[in-house]
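Below is one structure; the comments refer to it alone.
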Amino acid sequence: MGRGRVELKRIENKINRQVTFAKRRNGLLKKAYELSVLCDAEVSLIVFSNRGKLYEFCSTSNMLKTLERYQKCSYSSVEVNNKPAKELENSYREYLKLKGRYENLQRQQRNLLGEDLGPLNSKELEQLERQLDGSLKQVRCIKTQYMLDQLTDLQGKEHILLEANRALSMKLEDMIGVRSHHIGGAWEGGDQHNVAYGHHQAQSQGLFQSLECDPTLQMGYNHPVCSEQMAVTAQGQSSQPGNGYIPGWML
């Protein structure tokens with residue numbers, strides 16, 4: 001009679017279990033060796049006992065290379081298949097993050113405008129108030145600095161205009177002085193000429209006096225009116241001796 005079928009279940013007897021493990025382990029290692037030699041296959045075998053002891057077999061000289069080859073063949077296809085799903089999941093997470101930030105910024109903007117303040121508690125309202133105060137101080141500081149810069153520019157322009165006005169005033173005063181000098185010289189020359197001319201005219205009037213008579217000469221005839229005037233003139237001149245007057249009829 002042949003050997004009966006062995007039921008596959010855990011051997012309860014500890015000694016029998018250890019004996020069976022040793023026999024089956026050696027047979028498995030032998031079969032792995034035979035497979036690598038007969039079929040020129042790369043075979044690696046790893047066995048751990050129930051006590052944690054390691055038993056291994058490798059048809060090549062390095063077990064790690066065989067394990068790395070196993071990893072590349074086993075997990076590369078899984079990574080390729082899972083890559084689009086991972087990228088999609090990462091993109092969705094990034095979308096959710098950006099969406100949350102966008103909604104948060106919108107809510108903060110409405111709160112800064114004084115809207116949707118009902119859901120906020122006292123601490124959040126105080127924080128919002130401090131934020132508004134800080135923003136207001138910053139705006140006022142920038143506005144003040146801008147006004148100071150404008151004031152400095154205007155003061156510089158004012159100084160430039162004052163200097164230009166002063167230069168123009170000095171130039172105008174110089175022009176007025178030169179013109180006054182020329183006018184004064186012309187008046188002085190005219191006065192001297194008038195004085196000389198008046199003195200010469202007075203001397204001429206002292207030497208010569210016109211006769212109020214008819215200047216028409218008539219030989220051998222004496223006009224009665226002219227003769228009377230000449231007589232009066234002669235009497236007047238004789239009453240004032242030494243004046244050097246020569247009657248006109250004696251010339």
Side-chain angles (χ1 to χ4, degrees), residues 105-117 125-251:
L105 291 174
Q106 277 191 334
R107 184 173 62 255
Q108 289 180 359
Q109 184 178 5
R110 289 194 298 269
N111 293 335
L112 291 174
L113 295 175
E115 301 175 357
D116 296 340
L117 299 178
L125 290 173
E126 289 177 359
Q127 184 178 0
L128 180 62
E129 184 179 4
R130 287 194 300 269
Q131 186 176 359
L132 290 173
D133 290 338
S135 301
L136 184 59
K137 290 179 181 179
Q138 187 70 17
V139 171
R140 287 177 177 174
C141 182
I142 295 175
K143 181 181 177 182
T144 305
Q145 185 65 34
Y146 178 74
M147 294 177 67
L148 289 175
D149 293 339
Q150 282 189 336
L151 181 61
T152 303
D153 294 338
L154 292 175
Q155 288 177 351
K157 292 179 181 179
E158 181 184 7
H159 181 70
I160 294 173
L161 292 175
L162 288 175
E163 291 294 332
N165 189 13
R166 188 178 296 107
L168 291 174
S169 299
M170 293 176 64
K171 187 175 180 180
L172 182 61
E173 290 177 357
D174 294 339
M175 293 175 64
I176 293 173
V178 172
R179 184 174 295 178
S180 299
H181 179 69
H182 288 303
I183 294 173
W187 276 104
E188 289 177 358
D191 291 341
Q192 291 178 1
H193 178 71
N194 292 331
V195 170
Y197 178 75
H199 181 65
H200 178 70
Q201 186 177 8
Q203 289 180 354
S204 301
Q205 290 179 357
L207 292 176
F208 302 99
Q209 292 185 0
S210 61
L211 297 176
E212 295 179 0
C213 62
D214 190 2
T216 305
L217 296 178
Q218 296 185 9
M219 300 301 293
Y221 175 76
N222 292 330
H223 196 275
V225 178
C226 185
S227 300
E228 292 178 359
Q229 290 179 355
M230 291 173 62
V232 172
T233 303
Q235 291 177 2
Q237 294 296 330
S238 62
S239 63
Q240 297 179 359
N243 55 3
Y245 177 75
I246 300 174
W249 60 271
M250 292 179 63
L251 296 174

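Both backbone and side-chain heavy atoms feed into the values below; hydrogens, waters and symmetry mates do not.
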Okay, side chain of N111, backbone of R107: is any donor-acceptor separation there less than 3.5 Å?
yes

Working to the nearest 0.5 Å, report the span between OG1 of T144 and CG of L151.
12.0 Å

Under 6.0 Å from the CD atom of Q106, do we count more than 12 heavy atoms belonging to anything else shown?
yes

Is it true that atom CD of Q109 has more than 12 heavy atoms of other residues, nucleotides or ligands lying nearer than 6.0 Å?
no

Taking side chain as C-beta onward, heavy atoms only, is E129 less than 4.5 Å from L125?
no

Would you say CD of Q138 has more than 12 non-hydrogen atoms from neighbouring residues, nucleotides or ligands within 6.0 angstrom?
no

Candidates K157, Q155, E163 - the one meeting side chain to side chain contact (heavy atoms under 4.5 Å, CB included) with H159:
E163

Calculate, to the nearest 0.5 Å, the distance between atoms CG and CD1 belonging to N165 and I160 respectively.
13.5 Å

If I take atom CZ from residue R140 and atom NZ from residue K137, how far apart are they, to the nearest 0.5 angstrom?
9.5 Å

Kindly compute the distance separating CG (L105) from CZ (R110), expressed to the nearest 0.5 Å.
11.0 Å

Would you say the side chain of K143 lies within less than 4.5 Å of the side chain of M147, judging by non-hydrogen atoms?
yes

